[in-house]
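What you see below is based on every heavy atom in this structure, not just the backbone, and it leaves out hydrogens, waters and symmetry mates.
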Protein chains: 2
Amino acid sequence: MGRGGVVWASSHDSGRGNRRRWKVPRAEAEWYGPHWKRFQWRFVRSGEGHMSRTTIKDVAAEAGVSLGTASRALSGNGSIAAPTRERVLAAARRLNFVPNAQAGSLRSERTRTIGLLIPDIRNPFFAELAHVVERSARSEGLSVMLCSADEDPQQMHDYATVLRRQRVDGIIVAPFSTARDSLRELQGSGTPLVFLDRTIPGMGVPAVVSDTRDAIADAVRYLVDQGAHRIGYISGPSETTTGVERLAEFRAAAAASGVDIEIAHGDFQEHSGRLGMRSLLARGVDGVLASDSLMTIGAFKECRAAGVKPAQDLPFVGFDDIAPFALLQPSLPLICQDLHSMGAAAVQMLLTQLGGVTSSQELRLEAHLKLPSGSEADSAQPIDPHHHES
Amino acid sequence: MGRGGVVWASSHDSGRGNRRRWKVPRAEAEWYGPHWKRFQWRFVRSGEGHMSRTTIKDVAAEAGVSLGTASRALSGNGSIAAPTRERVLAAARRLNFVPNAQAGSLRSERTRTIGLLIPDIRNPFFAELAHVVERSARSEGLSVMLCSADEDPQQMHDYATVLRRQRVDGIIVAPFSTARDSLRELQGSGTPLVFLDRTIPGMGVPAVVSDTRDAIADAVRYLVDQGAHRIGYISGPSETTTGVERLAEFRAAAAASGVDIEIAHGDFQEHSGRLGMRSLLARGVDGVLASDSLMTIGAFKECRAAGVKPAQDLPFVGFDDIAPFALLQPSLPLICQDLHSMGAAAVQMLLTQLGGVTSSQELRLEAHLKLPSGSEADSAQPIDPHHHES
DNA sequence: CTGTTAGCGCATTCAG
DNA sequence: CTGAATGCGCTAACAG
């Protein structure tokens, strides 16, 4: 194992000494990091086995072809005689060659990597979304750089710069409106963008969002059916389109149903769900709709803390069909988004842009209200052997 | 935006025409992707605003210094007169210059990026862990490439290659033992590695893991106190150290307590938690310990499906203090790991290796048993205004 | 089809 | 302290 001397990796010597010789660099240690904590950086070589320093030149030599030919064989571009390709591939395998993406990107101006910028990976909604995006991207041969902004616009801005520095081919982002400037910068730098879940109107960026209008109307009707006359709504922040739109949709639906409403303004965080529910309970509502998953959790907890059984004592509709909710009993009525389609569509949209087609299309995928199936005790239902129940 | 002609980005022309002129490339379109779906790739220029193509040369020109000087000013390496540096930085800002990480890495052999390879981002345990790692790395100026292997060794292998291709400076990984070969390859390529949560013995890779021995012993004692005589245990897969060790620890603890045991073998997935609980119930256990969060969820669901109230009718201890569990009432006794320290320590360990120090140290952080606080109804507890309750 | 050649943008020598 | 020159590993034009 990495015992063995501390050696500065001079060029590469993949075991079969070749390559021009190097003057030994003056300094023995480089700095790791510019204005960050600096520490020494040295390569620790373990005997011969430093295979990753193998270059395409080594492969070419091994296969007895020129560098260019090796490149074509490995990348699959350009025309190559089948036997030649095989020879090169064999050589590459023998040498355990893995191409240097940096070098390739530098030349080709493509990194085959996309960025995914989300508010918080700890939010199950975004974790699931990230998973789907990553999966879709992968199936297109793209790597994903996942950046979780911790619900902080500043951090989102920092990450935007990181992604720019990495020259990702494109970025999928669930934005705050307060991140508008950062995103404009990205846009100005020519990076293809796609908005996911949320959007910022007027930026001309294509988006994939949920259409919650009908689902919210259904939810309101459901609450009314449950006997609600005064429906409380825990809204998202006005910095997000989802916050604004869902609230408007709720107002419209309530007006249509002729019920009274009470609004509590939240921020898509669990804590604001608690506060919102507390406030609504104090205002004497007899039905509640929470407009995102984390606030649903908060509202739920607060309810119980107040001795009110949500969905039993108090008609209640939550948001997003995230895994945790499956633990609840009786299960909650939920507004469900089609996460899977959303993620996949976002990747496709980005791909379209990478293909040179610009658009500012907005794809709206319908959400729906999901009611508790058997109401009480959904027991004895068979376990489906392979699908993760979520 | 992005209307405007389709132009092949010939070199760069950041608005202030300079730079050698180029022969217009023969083909108008490049291929995006080698053996993947191929599609055309073109740069869509929007007027002048293609600022990201600004290079350090442009900055140098703008500041009236040479390329090398600009580089030193921007990277902070080498010596530079303060006024010169200021001039360069100002120019960079004016041009909205963002350095090309690819180019820098190619030269410096450092990407300032680390890989994080986890089994599944949808698992709240790993989502939280990823969040911590990402945060720690960020504070050290490192970007994280997050790869979620979907509990699939093949996929883990693919990602290992991706990370190698990207020449990440190091990798933090929660491995399967079946991924041993992939990891050996990584190791052989000289990539610094750190194991997190799980480890693979004998590879000489430093690791950060939980020490669950005492917590598991406490859990067994707790179950016995609750009246259990025949304790069921839902174990993780033998492909993971956590699966093996926890089982051994459980056996030892049970032997010490003199209770009977029943083992159900699972795979750290929710579904196996259900099956495991089903099997254990059939075997007449009167107390259950599940050895990871997802299986805890599964076991919990199965219990209820069988009409048994976990932690009420049946003494039950779950694993990991993940957010969903806070929704349960009465709350579950849980074995809690110190996620935060684990993630931070892993990053520090990787940093140490990047600094040239090799070690195969194993850091074990103690887990602990957390019992329900007020048992019944933890109501009316004050809301702490800023901490996300998890 | 294959070999040759010229840089991608930057960090890092070496002279001055 | 600064400018000039070199090449990281690879892709893509070009010529045979």
Side-chain angles (χ1 to χ4, degrees), chain A residues 8-12 14 19-20 22-27 30-31 34 52-60 63-85 87-88 97-112 165 167, chain B residues 8-12 14 19-20 22-27 29-31 34 41 52-61 63-85 87-88 97-111 165 167:
Chain A
W8 224 96
S10 63
S11 181
H12 20 232
S14 43
R19 206 62 33 58
R20 29 196 146 23
W22 276 98
K23 331 185 181 100
V24 172
R26 184 161 43 189
E30 263 183 287
W31 296 115
S52 158
R53 300 231 158 297
T54 307
T55 77
I56 199 172
K57 246 176 181 166
D58 300 312
V59 175
V65 298
S66 78
L67 189 162
T69 304
S71 170
R72 281 183 294 255
L74 290 164
S75 70
N77 289 25
S79 31
I80 282 263
T84 313
R85 183 179 50 236
R87 210 143 34 90
V88 173
F97 169 72
V98 174
N100 182 326
Q102 259 66 42
S105 303
L106 188 55
R107 197 58 233 262
S108 68
E109 311 243 308
R110 294 174 285 117
T111 55
R112 306 192 38 70
R165 205 193 324 271
R167 299 291 192 273
Chain B
W8 225 95
S10 60
S11 180
H12 20 231
S14 44
R19 204 61 33 59
R20 33 196 143 27
W22 275 99
K23 331 186 182 98
V24 172
R26 183 161 46 188
E30 263 185 288
W31 297 115
W41 167 269
S52 155
R53 301 241 159 286
T54 307
T55 77
I56 200 171
K57 245 177 182 166
D58 300 312
V59 175
V65 298
S66 78
L67 189 161
T69 304
S71 170
R72 281 183 290 257
L74 259 19
S75 70
N77 289 24
S79 34
I80 281 261
T84 313
R85 182 179 50 235
R87 213 143 32 89
V88 172
F97 170 71
V98 174
N100 182 327
Q102 257 67 44
S105 304
L106 187 54
R107 201 56 234 272
S108 68
E109 310 243 315
R110 294 173 286 117
T111 55
R165 207 193 321 268
R167 298 293 192 271

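Between the base of C:dT5 and the side chain of A:R107 there is no donor-acceptor pair shorter than 3.5 Å. You won't find any donor-acceptor pair under 3.5 Å spanning the side chain of A:R53 and the base of D:dG9, going by distance alone.
Scanning residues 63-70 of chain B for heavy-atom distances under 4.0 Å to DNA chain D yields B:V65, B:S66, B:T69.
For D:dT2, one of the phosphate oxygens OP1 or OP2 lies less than 4.0 angstrom from a side-chain nitrogen or oxygen of B:T84. A close approach under 4.0 Å does occur between a side-chain nitrogen or oxygen of B:N77 and OP1 or OP2 of C:dT12.
Of the candidate nucleotides C:dC8, C:dT2, D:dG9, C:dC8 has the atom lying nearest to any side-chain atom of A:E109. Out of C:dA11, C:dT12, D:dC10, the shortest distance to the side chain of A:I56 is found at D:dC10. Of the candidates C:dT2, D:dC10, C:dT12, D:dC10 carries the atom nearest the A:F97 side chain, counting heavy atoms from C-beta on.
Judged by closest nucleotide on DNA chain D, B:R87 is the one of B:R87 and A:G104 placed further toward the 5' end.
Interatomic distance, CZ of B:R72 versus OG1 of B:T84, reported as 10.0 Å (0.5 Å rounding).
Here A:I56 pairs with A:L67, A:A70, A:S71, A:L74, A:F97 under the side-chain contact (heavy atoms from CB on, under 4.5 Å) rule; sequence neighbours left out.
With hydrogens and angles disregarded, a donor-acceptor distance shorter than 3.5 Å links the side chain of A:R167 to the backbone of B:P99.
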